[in-house]
Each structure stands twice: as structure tokens, then as C-alpha cells.
Amino acid sequence: MTKINVAIVDDNEKMVSLLDAILQTDKNIEDIIKNQEPDVVLLDLIMPKLDGLEVMQQVNKDMSLKKRPAFIVISAIGKENITENAFNLGAMYYIMKPFENDM
């Protein structure tokens, strides 16, 4: 069985560690590093240099990508216009922080 490659994009190191620990419990998922193309991106929206919406916009514009990842937004921001923008840019799911690990 092919593993699902997952990239975590979050400026909070504790959140990255938590998500990494959760992913490691599933043998069908593999965390990857920047130079690989992920199947799924776990993406925070609020980050200091580049927010998650802009990340999705840049990925959508990048014609050099062989495949487009599925985005799962994980954010503490739940405003309707922001969630709507995230889905319009390609988010498959939107998970609110804090969340249950089983989620």
C-alpha cells in the first residue's frame, strides 16, 4: 500500500509536534519535508510571514507542480468569510483549534 505524504505548515512548534505525533500513529501516513511533493498539507491560516490563504493561492498559481495537494486547514479562526475563502482556494476540510486528537 502506498503511504500518504503529509506536510505540516504551522509556525507554532508545539502544534507541529502534536500533529506529527498524531500522524505517526498511522502507518499509512508519512511526514515529509519541504523538497517533496505532499499529497496532503495540514495548514495553519495565521502565520507571521505568509498566511495560509496566501500559501493556497501560490500553490494554485504554480504551474510547475506535478500534483496539487489536498489542504486541511487547522485554525483557531472561524469567521465565515475566512472559512469560505479557504474552501474557495481549495481547502478540503477546516478543523478548528483546539481539536480532539481523534479528529
Side-chain angles (χ1 to χ4, degrees):
M1 180 184 296
T2 304
K3 290 187 176 188
I4 299 169
N5 293 324
V6 178
I8 301 170
V9 181
D10 196 310
D11 62 312
N12 182 326
E13 288 184 36
K14 288 181 182 179
M15 181 57 65
V16 171
S17 294
L18 172 66
L19 291 170
D20 183 52
I22 293 168
L23 292 177
Q24 287 184 23
T25 65
D26 189 328
K27 294 184 186 330
N28 295 318
I29 295 176
E30 184 173 343
D31 268 342
I32 63 168
I33 55 175
K34 278 186 182 179
N35 62 353
Q36 295 177 314
E37 292 187 355
D39 299 309
V40 176
V41 175
L42 302 179
L43 179 64
D44 186 17
L45 287 187
I46 307 302
M47 296 182 287
K49 294 184 181 179
L50 185 66
D51 69 45
L53 295 176
E54 184 65 26
V55 169
M56 288 191 285
Q57 286 175 344
Q58 289 186 12
V59 168
N60 290 336
K61 290 179 190 176
D62 190 343
M63 295 301 145
S64 69
L65 294 175
K66 294 175 188 166
K67 64 180 174 182
R68 303 266 181 249
F71 288 100
I72 298 176
V73 172
I74 302 175
S75 181
I77 305 297
K79 291 185 179 180
E80 186 175 339
N81 63 331
I82 294 173
T83 57
E84 190 174 312
N85 287 343
F87 283 116
N88 288 337
L89 289 169
M92 302 295 286
Y93 297 97
Y94 199 103
I95 299 172
M96 292 293 298
K97 292 179 187 175
F99 56 87
E100 295 291 324
N101 290 359
D102 293 341
M103 179 76 102

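Fair warning: this is a prediction, and the values are worked out from it, not measured in the lab.
- Here the rule is side-chain contact (heavy atoms from CB on, under 4.5 Å) with Leu45, and of Leu53, Thr83, Val9 only Leu53 fits it.
- Taking CG of Asp51 as the reference point, atom CG of Asp11 lies at 11.0 Å (rounded to 0.5 Å).
- Asp44 places no side-chain N or O within 3.5 Å of a backbone atom of Val73 that could act as its donor or acceptor partner.
- Rounded to the nearest 0.5 angstrom, Leu65 CG and Glu37 CD are separated by 6.0 Å.
- Identified under the side-chain hydrogen bond (donor to acceptor under 3.5 Å, both in side chains) test for residues 61-76, with sequence neighbours left out: Asp39-Lys67, Asp62-Ser64.
- The side chain to side chain contact (heavy atoms under 4.5 Å, CB included) check on Leu50 picks up Glu54, Val55, Gln58, with sequence neighbours excluded.
- Of all heavy-atom pairs spanning Pro38 and Pro69, the tightest one is O-CB, 3.5 Å.
- No side-chain heavy atom of Val59 sits under 4.5 Å from any side-chain heavy atom of Met56.
- For Tyr93, the OH atom counts as loosely surrounded, since its 6.0 Å shell holds 12 or fewer non-hydrogen atoms of other residues, nucleotides or ligands.
- Pairing each heavy atom of Val40 with each of Ile4, the nearest pair is CG2-CG2, 3.9 Å.
- A donor-acceptor contact shorter than 3.5 Å links the side chain of Asn88 to the backbone of Glu84.
- One finds a salt bridge joining Asp10 and Lys97 here, because a Lys/Arg side-chain nitrogen approaches an Asp/Glu carboxylate oxygen to under 4.0 Å.
- Between Phe71 atom CZ and Leu42 atom CG the span is 11.0 Å, to the nearest 0.5 Å.
- In this structure, Ile77 CD1 and Ile82 CD1 are separated by 5.5 Å, a value rounded to the nearest 0.5 Å.
- Counting all heavy atoms, side chain and backbone alike, Met47 lies closest to Gly52 at CE-N, 4.0 Å.
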